[in-house]
Amino acid sequence: MQGNFVSKPSNFELLDHDKTIELIQHAQKGSEEAKDMLVRHNIALVKSIVKRFINRGFDYEDLVQVGCIGLIKAINNFDISIGVKFSTYAVPMVMGEIKRYLRDNNMIKVSRSLKEKAKIILIAEDRLKNEYNREPTISEIAEFTGLEKEEIVCAIEANSTPRSIYETVFNDDGSPILLIDQIGDDKQANDETIDRIALKDIIVSLNPRERQVIFMRYFKDKTQTQIAEVLGISQVQVSRIEKKVLEKMRHMLS
């Protein structure tokens, strides 16, 4: 990595919101001193995000430097009129910069075959939805397309599109609520946001069968017996898979 955006750790007091806004205003006007102070005061946030990406074959300090690039972009692009806490805005910017770095440095990319399967699945979902007047199950899609259930889950996950933090999630009388509005402003909320993002990364890292079980169990509210019927395995096997994945998640998030 070229450049050095991170100063040696110092014992700074946390900046309050008003001081942060003041420094951002100075930084956006060209003050390198203000920008450096903002980086130093937010380095702990960057490091907490970087910890989610360790053990992937990349140097920790390199990832911290990359995270700081994202932090600087957040400083340069932060719109004070948005009315959210800076750290809330900075989290996805830092995450995005690190993920981009990992992707551009030989991380696994979505293959052409997965993209083609995803197109087939989307067509099948649309046709089955019109036929059944409901969302089709994975088993129904598999029967319609001739693909294995594991292939379907893998293709859907690999081709999922990240949501913009400025996406409208609710609109009431012309007053839209953005996704970023749902992110809390306090430290606990920021930590929870990082955990949610990390949890998504963990889910993607699971094998297809494990993802199927977790997706149906916790996102579709299906019982172990219902999952067993869909996957064609026993309820005991579903229970074992669920227990194994939960233990894995607890270990990786601890």
Where do Cys68 and Ile43 come nearest, in terms of heavy atoms and distance?
SG-CD1, 3.5 Å
Quick one: do Leu122 and Glu125 satisfy side-chain contact (heavy atoms from CB on, under 4.5 Å)? Show the steps, please.
CA-CA 5 Å; Leu122 286 174; Glu125 283 183 322; 3.7 Å; yes
Hey, are Glu97 and Arg100 close enough for a salt bridge, meaning a charged N less than 4.0 Å from a carboxylate O?
yes
Any chance you could lay out the side-chain contact (heavy atoms from CB on, under 4.5 Å) test for Leu231 and Met216, step after step, and finish with the verdict?
CA-CA 10 Å; Leu231 299 182; Met216 287 188 282; 3.7 Å; yes
Please check if the side chain of Glu33 supplies one atom and the backbone of Ala27 the other of a donor-acceptor pair under 3.5 Å.
no
Report the distance from atom CG of Asp126 to atom CD1 of Ile121, rounding to the nearest 0.5 Å.
13.5 Å
Given the rule that I, L, V, M, F, W and Y join up when any side-chain heavy atoms are under 4.5 Å apart, are Leu128 and Ile123 in one cluster?
no
Looking at side-chain heavy atoms only, is the closest gap between Val230 and Thr137 below 4.5 Å?
no
Sub-4.5 Å side-chain heavy-atom contact between Met95 and Phe53:
yes
What heavy-atom pair brings Ala124 and Ile141 nearest, and what distance separates the two atoms?
CB-CG2, 4.4 Å
Distance from Gln25 atom CD to Phe78 atom CZ, nearest 0.5 Å?
10.0 Å
Between Ser239 and Gln235 (side chain of the first, backbone of the second, donor and acceptor by atom type, cut-off under 3.5 Å), is there such a pair?
no
Does any part of the side chain of Lys220, heavy atoms only, come nearer than 4.5 Å to the side chain of Gln226, both counted from C-beta?
no
Any side-chain heavy atom of Arg217 within less than 4.5 Å of one from Lys222?
no
With rounding to the nearest 0.5 Å, note down the distance linking NZ in Lys35 to NZ in Lys29.
14.5 Å
Answer whether the closest heavy-atom distance between the side chains of Glu148 and Ile152 falls below 4.5 Å.
no
Keeping Glu247 on the side-chain end and Lys244 on the backbone end, is there a donor-acceptor pair under 3.5 Å?
no
Go through the steps for Ile49 and Ile98 under the test side-chain contact (heavy atoms from CB on, under 4.5 Å), then give the verdict.
CA-CA 9 Å; Ile49 296 172; Ile98 294 174; 4.0 Å; yes
Same apolar cluster (I L V M F W Y, side chains within < 4.5 Å links), Val94/Leu102
yes
Looking at Phe215, I'd like to know if the NZ or CZ of Arg211 sits under 6.0 Å from its six-membered ring centre while staying within 45 degrees of the ring's axis.
no
Tell me, with the steps shown, if Phe86 and Ile21 meet side-chain contact (heavy atoms from CB on, under 4.5 Å).
CA-CA 8 Å; Phe86 172 69; Ile21 296 301; 5.7 Å; no
Are any side-chain N or O atoms of Asn42 and backbone N or O atoms of Leu45, one a donor and one an acceptor, separated by less than 3.5 Å?
no
Taking the side chain as every heavy atom from C-beta outward, state whether His41 and Met37 have any atom pair closer than 4.5 Å.
yes
Taking the side chain as every heavy atom from C-beta outward, state whether Ile227 and Ile233 have any pair of such atoms under 4.5 Å apart.
no
Test item: Asp36 side-chain N/O and Glu32 main-chain N/O as donor-acceptor pair under 3.5 Å:
no
Do Met93 and Tyr89 come within less than 4.5 Å of each other through their side chains, counting heavy atoms only?
yes
Say you draw a straight line from CG of Leu38 to CG of Leu23; how long is it, rounded to the nearest 0.5 Å?
4.5 Å
Could you check whether Glu143 pairs with Lys149 (Lys NZ or Arg NE/NH1/NH2 to Asp/Glu carboxylate O, under 4.0 Å)?
no
